[in-house]
A.B. asks: 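Below you'll find the structure I mean.
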Amino acid sequence: DRGYRPDMRVWMDYTVGTDLHPNRSHRRLLMTEQFRDNESSVIFERIVDLASDAMEGTKLRNINQPIPITFHFEADDDQTPPKTIYIANRPTVHRVTVKTEPPLYAQGSVSSQHIELEHTQKEAGQPVTISALTGSRVTYRFEINHSPVAPIHHWTHILPGFATLVDVNFEHQHQVIMCEFTLDQSSESTLHLTDKHGLSNMSDRVYRIEALQDDPPTVSLTAPTSNEAVLPTAVIKLEATASDDVGVEFIRLESKHIKLKGGDKSNSRAIHQLDGRRPQLQTTFAFDLSKLAVESGDEIELTALTTDSFSLNGRHRIPVRSAPRLLAVIDPATLLHQLHKELAGVRRQVIKLGFRQARLFNRSPSQSAPDQQELGQRVANQSSVVDRLKHRIARNRISVQDSGPLPYILNQAGQFLQEARHASRQAVEALQKSQEKQARRYQQTVHQALNQVIDLLNQSGEALALQHHLQQLTHPN
């Protein structure tokens with residue numbers, strides 16, 4: 001009331017907390033004269049940074065309840081009446097956890113998740129994203145520093161992105177907010193909190209959950225690998241694989257008989273089934289055509305069938321079928337003719353390999369080693385062809401009367417080709433070590449073995465041609 005006088009000193013006296021606070025503190029700070037309005041009035045100021053104060057800052061950063069600060073100003077022998085303000089932290093999220101339970105049909109195949117999201121003290125940054133199978137039950141748990149009061153029942157304000165989801169349920173208990181819903185689409189939401197003092201959180205963090213679609217299963221018939229001509233006596237090895245991201249229920253092999261006369265088709269019939277809920281099922285089956293009333297000219301269509309365990313809101317998937325394989329039924333004469341043609345092809349290739357081996361005799365080891373290695377691979381290829389022909393005879397169960405000398409010819413040719421392949425490998429090793437004399441011996445062995453194959457096929461060619469002629473007379477078209 002007496003007004004300002006030059007060199008007047010003004011003090012601020014403040015107390016943080018009350019007698020009930022264990023860390024109550026008191027401070028007295030000198031104010032700074034800023035500017036003069038007139039001769040009798042002057043502005044004094046002082047910035048008080050409580051957050052950086054070593055003592056008050058520690059307390060204020062960790063408060064759960066508002067703390068009072070009582071203050072007054074002193075000048076000479078006078079002072080202002082005391083006033084009180086309250087310091088309170090804004091609402092913040094300390095911890096977020098998410099629990100996901102897969103839909104009923106996927107339980108046992110897909111695990112539940114309990115995810116601890118990163119601490120969100122920074123209140124910003126990239127979206128916090130998780131993923132779960134569509135139809136999962138999702139529970140978000142937000143732990144906050146103190147309980148919000150406004151508007152706690154207006155969930156479209158607090159979690160706007162989650163409030164409209166299917167079967168959503170919210171709970172609020174003290175300093176925990178729970179949000180539970182059924183995941184039917186990818187969704188995201190921010191979290192808006194307001195306390196009783198009207199303070200709001202500053203976070204713009206987005207909580208996102210991706211809805212993973214349950215993809216349809218896949219199924220394939222892996223054997224036979226292609227369409228094939230077979231005898232009515234054949235036993236064909238069938239292999240199939242079914243896969244799904246959650247689980248398949250079964251894998252079934254089916255056949256359909258297509259008759260020569262009239263082109264009539266029978267309905268698909270199951271010939272083998274393997275059950276079991278797994279991400280992948282594989283099965284093998286020996287399919288015996290002799291148990292069917294098939295004849296030359298008929299066809300058998302083979303497929304594999306599967307379905308997954310998907311069952312959501314009354315929706316199920318129809319079974320998935322593989323691409324078909326066709327078995328064309330032929331007579332023994334036709335089969336022998338096909339085998340004879342393939343064996344003639346082997347003969348032509350082996351003759352070429354014999355000429356190539358002869359040309360390698362007079363080349364230096366460094367030059368001939370790569371070519372010798374390539375020749376050995378070509379010999380191995382012809383050996384594989386012979387093995388395939390032997391397996392074809394075996395699975396068609398051709399009679400001794402019909403097969404004649406063919407099994408013997410194939411066995412002998414296979415042995416000679418294996419001998420040539422082994423000797424070629426030894427020749428390569430000797431050439432790489434510059435053991436020229438030893439390499440030449442191995443190369444000679446290769447050449448001799450190839451000549452034995454050629455002589456065998458030359459001698460048997462006439463016998464096979466005669467046998468094919470007799471087969472045509474015995475089994476006319």
Side-chain angles (χ1 to χ4, degrees), residues 91-144 148 151-172 176-194 200-218 243-249 277-280 306-318 320:
T92 56
V93 178
H94 288 327
R95 184 183 181 210
V96 181
T97 57
V98 187
K99 181 180 179 181
T100 67
E101 289 286 346
L104 185 61
Y105 78 87
Q107 292 180 9
S109 300
V110 177
S111 300
S112 302
Q113 300 182 90
H114 191 87
I115 304 170
E116 180 88 21
L117 300 183
E118 62 178 311
H119 289 285
T120 54
Q121 297 282 9
K122 293 182 179 179
E123 299 282 341
Q126 296 296 321
V128 182
T129 304
I130 63 170
S131 59
L133 192 64
T134 299
S136 296
R137 195 64 181 167
V138 181
T139 304
Y140 273 86
R141 176 186 171 92
F142 300 92
E143 298 181 18
I144 55 182
I152 195 59
H153 298 299
H154 298 171
W155 295 108
T156 53
H157 169 81
I158 297 174
L159 287 164
F162 293 159
T164 57
L165 297 179
V166 175
D167 197 19
V168 67
N169 181 50
F170 295 97
E171 291 185 19
H172 169 231
V176 174
I177 291 177
M178 305 278 285
C179 175
E180 183 180 8
F181 55 87
T182 299
L183 183 65
D184 66 339
Q185 61 183 357
S186 297
S187 302
E188 64 183 30
S189 182
T190 52
L191 177 65
H192 301 151
L193 302 171
T194 305
S200 299
N201 62 323
M202 302 293 290
S203 176
D204 58 0
R205 184 179 295 276
V206 175
Y207 301 93
R208 179 171 178 80
I209 182 165
E210 298 282 353
L212 303 178
Q213 298 300 317
D214 184 347
D215 294 327
T218 59
S243 303
D244 186 65
D245 51 355
V246 176
V248 291
E249 293 289 314
R277 180 180 292 185
R278 299 175 191 169
Q280 185 179 81
T306 193
T307 189
D308 63 5
S309 55
F310 178 80
S311 176
L312 190 63
N313 300 327
R315 293 181 289 121
H316 305 273
R317 285 205 180 95
I318 61 174
V320 177

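Computation of the quantities below employed the complete heavy-atom set of this structure, encompassing side-chain atoms and omitting hydrogens, waters and symmetry-equivalent molecules. Given the structure is predicted, the values throughout are model-derived calculations rather than measurements.
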A.B. asks: Can you see which heavy atom on Gln280 is nearest to which on Ser243, and at what distance?
C.D. replies: NE2-OG, 3.2 Å

A.B. asks: More than 12 non-hydrogen atoms from neighbouring residues, nucleotides or ligands closer than 6.0 Å to CZ on Arg278, yes or no?
C.D. replies: no

A.B. asks: Rounded to the nearest 0.5 Å, what separation is found between the OG1 atom of Thr156 and the NE2 atom of His192?
C.D. replies: 11.0 Å

A.B. asks: May I ask you to decide if the ring planes of Tyr140 and Phe181 are parallel, tilted or perpendicular, using 30° and 60° as cut-offs?
C.D. replies: parallel

A.B. asks: Test your reading of the model: is there a side-chain donor-acceptor pair from Ser187 to the backbone of Gln185, 3.5 Å cut-off?
C.D. replies: yes

A.B. asks: With no hydrogens and no angle check, just 3.5 Å: does a side-chain donor-acceptor pair link Gln213 and Thr134?
C.D. replies: yes

A.B. asks: Supply the atom-to-atom distance Leu183 CG to Leu165 CG, rounded to the nearest 0.5 angstrom.
C.D. replies: 8.0 Å

A.B. asks: Given the rule in the side-chain contact (heavy atoms from CB on, under 4.5 Å) test, do Asp214 and Tyr105 qualify, once you have shown the distances and angles that lead to the verdict?
C.D. replies: CA-CA 11 Å; Asp214 184 347; Tyr105 78 87; 2.7 Å; yes

A.B. asks: Which distance, rounded to the nearest 0.5 Å, do you find between the OG of Ser112 and the CD of Glu101?
C.D. replies: 3.0 Å

A.B. asks: Are Asp244 and Thr306 side-chain neighbours, meaning at least one heavy-atom pair lies under 4.5 Å?
C.D. replies: no

A.B. asks: Determine, stepwise, if the pair Glu116 / Arg95 fulfils salt bridge (charged side-chain N to carboxylate O under 4.0 Å, His left out).
C.D. replies: CA-CA 8 Å; Glu116 180 88 21; Arg95 184 183 181 210; 2.7 Å; yes

A.B. asks: Locate the shortest heavy-atom distance separating Ile209 from Ser131; write the atom from each residue and the value.
C.D. replies: CG1-CA, 4.4 Å

A.B. asks: Side chains of Val98 and Gln113, heavy atoms from C-beta outward: is any pair under 4.5 Å?
C.D. replies: no

A.B. asks: Taking all atoms of both residues into account, what is the closest heavy-atom pair of Pro91 and Ser200, and its distance?
C.D. replies: CD-C, 3.8 Å

A.B. asks: Provide the closest heavy-atom pair for Glu171 versus Trp155 in the form atom of the first, atom of the second, distance.
C.D. replies: O-CH2, 4.2 Å

A.B. asks: Rounded to the nearest 0.5 Å, how far does OG1 of Thr190 lie from CZ of Arg205?
C.D. replies: 12.0 Å

A.B. asks: Give, for atom NE2 of His172 and atom CE of Met178, the distance between the pair rounded to the nearest 0.5 Å.
C.D. replies: 12.0 Å

A.B. asks: Verify side-chain contact (heavy atoms from CB on, under 4.5 Å) between Thr218 and Val320, making sure each step is shown before the conclusion.
C.D. replies: CA-CA 7 Å; Thr218 59; Val320 177; over 6 Å; no

A.B. asks: Quick check for you: to the nearest 0.5 Å, what is the distance between Ser186 atom OG and Leu212 atom CG?
C.D. replies: 7.5 Å

A.B. asks: Would you say Asp308's side chain and Val246's backbone share a donor-acceptor pair under 3.5 angstrom?
C.D. replies: no

A.B. asks: Side chain of Gln107, backbone of Pro102: donor and acceptor closer than 3.5 Å?
C.D. replies: yes

A.B. asks: One pair to check against side-chain contact (heavy atoms from CB on, under 4.5 Å): Thr92 and Asn201. What are the steps and the verdict?
C.D. replies: CA-CA 6 Å; Thr92 56; Asn201 62 323; 5.5 Å; no

A.B. asks: Would you say Ser136 and Pro103 make side-chain contact, with heavy atoms under 4.5 Å?
C.D. replies: yes

A.B. asks: Using the rule given for side-chain contact (heavy atoms from CB on, under 4.5 Å), can you reason through Phe170 versus Ile158, listing the C-alpha separation, both sets of side-chain angles and the distance that settles it, and then say yes or no?
C.D. replies: CA-CA 10 Å; Phe170 295 97; Ile158 297 174; over 6 Å; no

A.B. asks: Tell me the closest heavy-atom pair linking Ser109 and Arg277, and the distance in Å.
C.D. replies: OG-CD, 3.8 Å

A.B. asks: Quick one: does Asp167's side chain have a donor or acceptor within less than 3.5 Å of a partner on Thr182's backbone?
C.D. replies: no

A.B. asks: With a 4.5 Å limit on heavy-atom distance, are the side chains of Val96 and Val128 in contact?
C.D. replies: no

A.B. asks: Measure centre to centre between the rings of Phe162 and Tyr207, then say whether the value is under 6.0 Å.
C.D. replies: no

